[in-house]
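Okay, structure first, notes after.
Source: prediction; values computed, not measured. What's counted below: heavy atoms across the whole structure, side chains too, no hydrogens, waters or symmetry copies.
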Amino acid sequence: MNYQIKASSLANQDATIHIKESNIAFGTTKTTAEVLPNPAELLLGSFAACMLKNVERFSEMLKFTYTKATLEVNAIRLDHPPRMDEVNYTLTIHSNDKSLNTNLLKKNLEKFGTIYNTVKLSCVISGTVNTVEDV
């Protein structure tokens with residue numbers, strides 16, 4: 001499988017990633033540092049997108065239902081050399097399905113996630129998978 005994206009920027013302005021029919025703005029200037037995502041946050045966003053895509057995928061394979069999944073991702077960046085050193089996540093699945101096996105889901109997310117496994121090659125990843133009953 002091959003992937004392709006395009007990105008563009010103008011001098012002294014922010015940039016855009018062009019993927020299929022989506023355009024994702026990101027910050028490259030000081031003026032938008034608090035408004036637009038930076039490259040490190042986009043990396044964590046990609047990590048999150050991979051996990052949430054796989055929650056949907058594994059809900060079909062493991063035959064469980066859920067109404068919502070939320071994910072919080074935190075990272076520690078080192079300055080010398082500049083790189084991510086640790087990534088920690090908390091995945092919460094909203095479900096009343098008693099057949100949902102969070103340990104098996106976590107194992108599959110960590111074993112089969114493309115972005116997860118790519119990031120794992122360069123830093124430590126730790127995380128938890130929790131469930132919350134729908135009311």
Taking the side chain as every heavy atom from C-beta outward, state whether [X] and [Y] have any pair of such atoms under 4.5 Å apart.
X	Y	value
N12	L10	no
V132	I93	no
L105	F64	yes

No-hydrogen, no-angle side-chain donor-acceptor test under 3.5 Å, T32 and D14 =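 Per modelled atom types, T32 and D14 side chains form a pair under 3.5 Å.
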key: Side-chain donor-acceptor pair present, S99, D97, cut-off under 3.5 Å   =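 Result is yes, a qualifying pair exists.
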What's the separation between atom [atom1] in [X] and atom [atom2] in [Y], rounded to the nearest 0.5 Å?
X	Y	atom1	atom2	value
N54	E110	CG	CD	11.5 Å
M84	S122	CE	OG	9.0 Å
Q13	T29	CD	OG1	9.0 Å
R83	L78	CZ	CG	5.0 Å

key: side-chain contact (heavy atoms from CB on, under 4.5 Å) partners of E56, counting only residues at least two apart   =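 Result, side-chain contact (heavy atoms from CB on, under 4.5 Å) vs E56: S59, E60, Y66.
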query = Listed by chain and number, what are the side-chain contact (heavy atoms from CB on, under 4.5 Å) partners of I115, not counting sequence neighbours?
reply =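 For I115, the residues satisfying side-chain contact (heavy atoms from CB on, under 4.5 Å) (neighbours in sequence not counted) are S46, F47, C50, V119.
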ask   = Below 4.0 angstrom, N of the basic side chain to O of the carboxylate: do E133 and K98 qualify?
value =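 Looking at K98 together with E133, the answer is yes, because their closest N to O distance falls below 4.0 Å.
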inquiry  = Applying the side-chain contact (heavy atoms from CB on, under 4.5 Å) criterion to I24, which one of I5, T16, L42 satisfies it?
reply    =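 Filter result, single survivor: L42.
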inquiry  = Run the salt bridge (charged side-chain N to carboxylate O under 4.0 Å, His left out) test against R57 and tell me which residues pass, sequence neighbours left out.
reply    =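 With sequence neighbours excluded, R57 shows a salt bridge (charged side-chain N to carboxylate O under 4.0 Å, His left out) to no residue whatsoever.
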